[in-house]
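Encoded as structure tokens, the structure appears first; notes follow it.
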Amino acid sequence: MDLKGKVAIITGARRGMGRTHALALAKAGAKVVVSDISLEDCQKVAKEIEKQKGEALAVKCDVSKKEEVDKMIQMAVSKWGRIDILVNNAGICQFKPFLEMTEKEWDLTLDINLKGYFFCAQAVAKQMVKQKSGVIVNIASVAMGQQGIGFPNIAHYCASKGGIVGLTEALAIELAPYNIRVNAVSPGMIETPMISSVKQDKKTIEAILSRVPLRRVGRPEEVSNLVLFLVSEDSSYITGSTVVVDGGWLAA
Ligand code: NAP
């Protein structure tokens with residue numbers, strides 16, 4: 001896939017899937033804004049990209065803070081003059097029984113996982129509208145609801161991921177007249193630091209994998225391959241979709 005000349009922003013890109021999305025898009029030729037809360041870690045990913053002869057800009061951005069999001073967009077536009085791709089990826093998943101969940105915990109998850117997607121998508125879409133083109137990929141999860149599998153102790157996370165699917169569909173309709181496509185990707189269990197606590201719990205991981213037909217956790221690169229397809233011209237007629245990459249979990 002050829003992304004030469006394209007400018008992409010990836011949030012939550014210091015590690016995990018955000019990092020592999022950034023590397024994959026850069027390898028395909030895109031100039032990549034690597035953003036996350038830790039600037040130092042973003043700089044490390046940017047250096048990896050430069051080592052593979054790509055172009056990158058490391059930016060500190062807490063997606064739950066509108067002023068930081070706006071600054072990130074300004075930095076990207078002033079460096080490269082445009083934004084063609086946004087991968088809304090930053091997220092947290094904190095375990096807490098629903099009956100003990102505090103308002104602060106609820107707000108933290110929703111502020112990052114859903115409001116952050118709104119801030120980034122809106123700021124980027126304003127630039128894309130001027131260009132009359134663009135692609136947004138929102139990372140949801142198989143925990144998005146309505147799939148026949150439930151996830152206890154992460155009610156706030158499930159609510160945020162279901163919200164992302166609704167947001168994706170609404171934006172796909174509103175932004176289509178400007179030639180902007182918006183899709184969601186719902187990963188299953190993927191090998192990143194986010195699932196380290198689940199992996200330590202042998203019983204839980206075995207129970208999950210017994211329901212995944214491919215009987216293994218996915219690799220971040222296997223999700224990046226889908227993201228790459230959705231941001232490329234090869235998916236030019238796909239918008240408003242939520243595509244699952246889960247080793248068959250939801251089908252079983
Ligand atoms: P990860 O390794 O924890 O990466 C998430 C990144 O987002 C981290 O670097 C994190 O930084 C960053 N982040 C957190 N809050 C942020 C904020 N306010 N602003 C900017 N960045 C922030 O997890 P991952 O598994 O790669 O997750 C990537 C996305 O995939 C998330 O949206 C997640 O919900 C989704 N997902 C993951 C799985 C899975 O099995 N791994 C499955 C389905 C969906 P800190 O480390 O400092 O918090």
Side-chain angles (χ1 to χ4, degrees), residues 9-24 33-45 58-72 86-95 105 107-121 123 136-145 147 149 151 154 156-165 167-168 184-201 204-205 208-209 212 214 216-224 226-227 242-247 249-250:
I9 293 179
I10 325 288
T11 66
R14 79 176 178 97
R15 69 176 200 188
M17 282 185 266
R19 177 181 155 274
T20 59
H21 301 336
L23 290 169
V33 175
V34 179
S35 85
D36 205 308
I37 291 176
S38 157
L39 179 61
E40 210 184 324
D41 287 347
C42 290
Q43 285 165 338
K44 283 183 195 153
V45 178
V59 177
K60 184 209 170 296
C61 175
D62 177 342
V63 297
S64 67
K65 298 197 170 113
K66 192 176 181 308
E67 62 284 3
E68 291 193 23
V69 170
D70 290 343
K71 197 170 160 214
M72 169 175 69
L86 166 68
V87 182
N88 255 331
N89 167 82
I92 58 167
C93 182
Q94 298 179 339
F95 291 84
E105 288 161 345
D107 284 347
L108 180 69
T109 296
L110 271 291
D111 281 356
I112 296 170
N113 293 15
L114 190 55
K115 203 202 257 183
Y117 280 39
F118 157 61
F119 285 154
C120 292
I136 297 172
V137 172
N138 294 323
I139 305 299
S141 164
V142 288
M144 62 190 160
Q147 305 300 317
I149 54 173
F151 292 87
I154 48 168
H156 43 12
Y157 183 82
C158 295
S160 72
K161 295 301 183 181
I164 288 167
V165 174
L167 177 73
T168 300
V185 165
S186 282
M189 184 71 79
I190 309 296
E191 184 72 61
T192 72
M194 185 177 272
I195 66 152
S196 56
S197 64
V198 180
K199 277 200 83 180
Q200 278 159 20
D201 179 353
T204 304
I205 196 80
I208 292 171
L209 291 183
V212 175
L214 288 182
R216 66 173 175 86
V217 169
R219 295 186 299 275
E221 292 76 10
E222 292 175 309
V223 180
S224 298
L226 174 59
V227 170
T242 296
V243 188
V244 172
V245 47
D246 70 344
W249 192 356
L250 295 186

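All ligand and atom numbering here is 1-based and tracks the order in the structure. Values below: every heavy atom of this structure, side chains too, minus hydrogens, waters and symmetry copies.
When only interatomic distances are considered, the shortest N/O to N/O separation between S141 and ligand 1 does not fall below 3.5 Å.
Using a 4.0 Å cut-off between heavy atoms, A13 makes no contact with ligand 1 at all. Counting heavy atoms closer than 4.0 Å to ligand 1, residue N89 contributes atoms from both its backbone and its side chain.
Among all non-hydrogen protein atoms, the one lying nearest atom 16 (C) of ligand 1 is I37 CD1, 3.5 Å. Of the protein's heavy atoms, V63 N, 3.0 Å lies nearest to atom 19 (N) of ligand 1. Of the protein's non-hydrogen atoms, A90 CB, 3.7 Å is the one closest to atom 22 (C) of ligand 1. C61 O, 3.3 Å is the protein heavy atom nearest to atom 20 (C) of ligand 1. Protein heavy atom in closest approach to atom 6 (C) of ligand 1: G12 O, 3.6 Å. Protein heavy atom nearest atom 5 (C) of ligand 1, with residue, atom name and distance: G91 O, 3.7 Å. The protein heavy-atom contact nearest to atom 43 (C) of ligand 1 is P187 O, 3.3 Å. Summary of contacts: the protein heavy atom closest to atom 23 (O) of ligand 1 is M194 CB, 3.3 Å.
Counting heavy atoms from C-beta outward, V244 and W249 have side chains that stay 4.5 Å or more apart. S141 has its side chain out of reach of F151: every pair of non-hydrogen atoms, C-beta onward, lies at least 4.5 Å apart. Here the side chains of H156 and L110 are in contact, with some heavy-atom distance below 4.5 Å.
The shell of residues lying under 4.0 angstrom from ligand 1, judged by heavy atoms, excludes C93. Ligand 1 lies less than 4.0 angstrom from a heavy atom belonging to G188. Heavy atoms of K161 approach ligand 1 to within less than 4.0 angstrom. A heavy-atom separation below 4.0 Å is not found between A143 and ligand 1. Using a non-hydrogen distance threshold of 4.0 Å, A140 registers as a contact of ligand 1. At least one heavy atom of D36 sits closer than 4.0 Å to an atom of ligand 1.
Shown in contact with Y157 at under 4.0 Å from a heavy atom are these atoms of ligand 1, numbered in order with element: 33 (C), 34 (O), 35 (C), 36 (N), 43 (C), 44 (C). Atoms of ligand 1 lying under 4.0 Å from any heavy atom of I195, numbered from 1 in the order shown and given with element: 39 (C), 40 (O), 41 (N). The ligand atoms of ligand 1 that sit less than 4.0 angstrom from a heavy atom of M17 are 25 (O), 26 (O), 30 (O), 36 (N), 37 (C), 38 (C), 39 (C), 41 (N). Of all the atoms in ligand 1, the ones that sit under 4.0 Å from a non-hydrogen atom of M189 are 40 (O). Proximity to Y117 (heavy-atom distance under 4.0 Å) selects the following atoms of ligand 1: 32 (O). If you number the atoms of ligand 1 from 1 as listed, the ones under 4.0 Å from a heavy atom of I92 come out as 14 (C), 15 (N). Contact atoms of ligand 1 toward G16: 2 (O), 26 (O) (distance under 4.0 Å to a heavy atom of the residue).
Taking every heavy atom of both residues into account, M189 and V217 meet most closely at O-CG1, 3.3 Å. Heavy atoms only, all atoms of each residue included: N88 and C120 are closest at OD1-CB, 3.3 Å. Taking both residues in full, the closest heavy atoms of Q94 and I154 are given as O-CG2, 3.8 Å, listed atom of the first, atom of the second, then distance. For the residue pair L39 and K60, the shortest heavy atom distance occurs at CD1-N, 3.7 Å.
Among I164, I190, D62, the residue whose heavy atom lies closest to atom 18 (N) of ligand 1 is D62. Summarising the contacts of atom 1 (P) of ligand 1 with R14, R15, M72, Q94, the nearest heavy atom is found in R15. The nearest non-hydrogen atom to atom 15 (N) of ligand 1, considering only I112, I139, T192, V217, comes from I112.
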Which side-chain N or O atoms in residues 193-200 pair as donor and acceptor under 3.5 Å with protein atoms at least two apart or in another chain?
unit_1, atom_1, unit_2, atom_2, d
S196, OG, P193, O, 2.9
K199, NZ, E191, OE1, 2.7
K199, NZ, E191, OE2, 3.3

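Between S64 and the options L108, L114, D111, a side-chain contact (heavy atoms from CB on, under 4.5 Å) holds for only D111.
The backbone N or O of G145 lies less than 3.5 Å from a partner atom in the side chain of Q147, making a donor-acceptor pair. Using a distance-only test at 3.5 Å, with no hydrogens or angles considered, a donor-acceptor pair links the side chain of S224 to the main chain of H21. Side-chain atoms of S35 come within 3.5 Å of backbone N or O of I10 as a donor-acceptor pair. Side-chain atoms of N89 come within 3.5 Å of backbone N or O of G12 as a donor-acceptor pair. The closest donor-acceptor contact from the side chain of Y117 to the backbone of I139 lies under 3.5 Å. The backbone N or O of D62 sits less than 3.5 Å from a side-chain atom of E68, completing a donor-acceptor pair. Distance alone, capped at 3.5 Å, is enough to place a donor-acceptor pair between the N113 side chain and the I92 backbone.
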